[in-house]
Amino acid sequence: MGMLVTGEVVDVRSFGVIFRIAEYPDVVAVADTISILWRGDIALREKWPTKGDVLAASIVGHTEHNRQIKLRLHCDGLPDQ
């Protein structure tokens, strides 16, 4: 956990952002909307990433049963300080 990865946003939904990480192509990566941060604060909708954006994210968890990685996105491109 805590590993920093980079990937592409493939979809944005009301519950979160779906993310494709090159190192894990068969795994769905999701950042819940509550974990989308902008300069350390929860991001307002207008600051959410859009499809095609390439961003840094930290792996904060995973669920084995549905092969899903949980992420915290760093919308300003930098990890939380």
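All of these numbers come straight from a predicted model, not from anything done at the bench.
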Output the distance between atom [atom1] ([X]) and atom [atom2] ([Y]), rounded to the nearest 0.5 Å.
X	Y	atom1	atom2	value
D26	I21	CG	CD1	12.0 Å
R20	T6	CZ	OG1	15.0 Å
H62	Y24	NE2	OH	10.5 Å
I69	F19	CD1	CZ	10.0 Å

Can you find a heavy atom in the side chain of L55 that is under 4.5 Å from one in the side chain of V9?
yes
What residues, two or more places apart in sequence or in another chain, satisfy side chain to side chain donor-acceptor pair (under 3.5 Å) together with [X]?
X	result
T63	N66
E8	none
T50	D53

Do V54 and L4 sit in one hydrophobic cluster, given that two such residues count as connected whenever their side-chain heavy atoms are within less than 4.5 Å of each other, even indirectly?
no
Nearest heavy atoms of [X] and [Y], plus distance in Å:
X	Y	answer
K70	D32	NZ-OD1, 4.3 Å
V12	W48	CG1-CE3, 3.9 Å
I59	V5	CD1-CG1, 4.0 Å

The side chain to side chain contact (heavy atoms under 4.5 Å, CB included) partners of D11 (sequence neighbours excluded) come to R13, I18
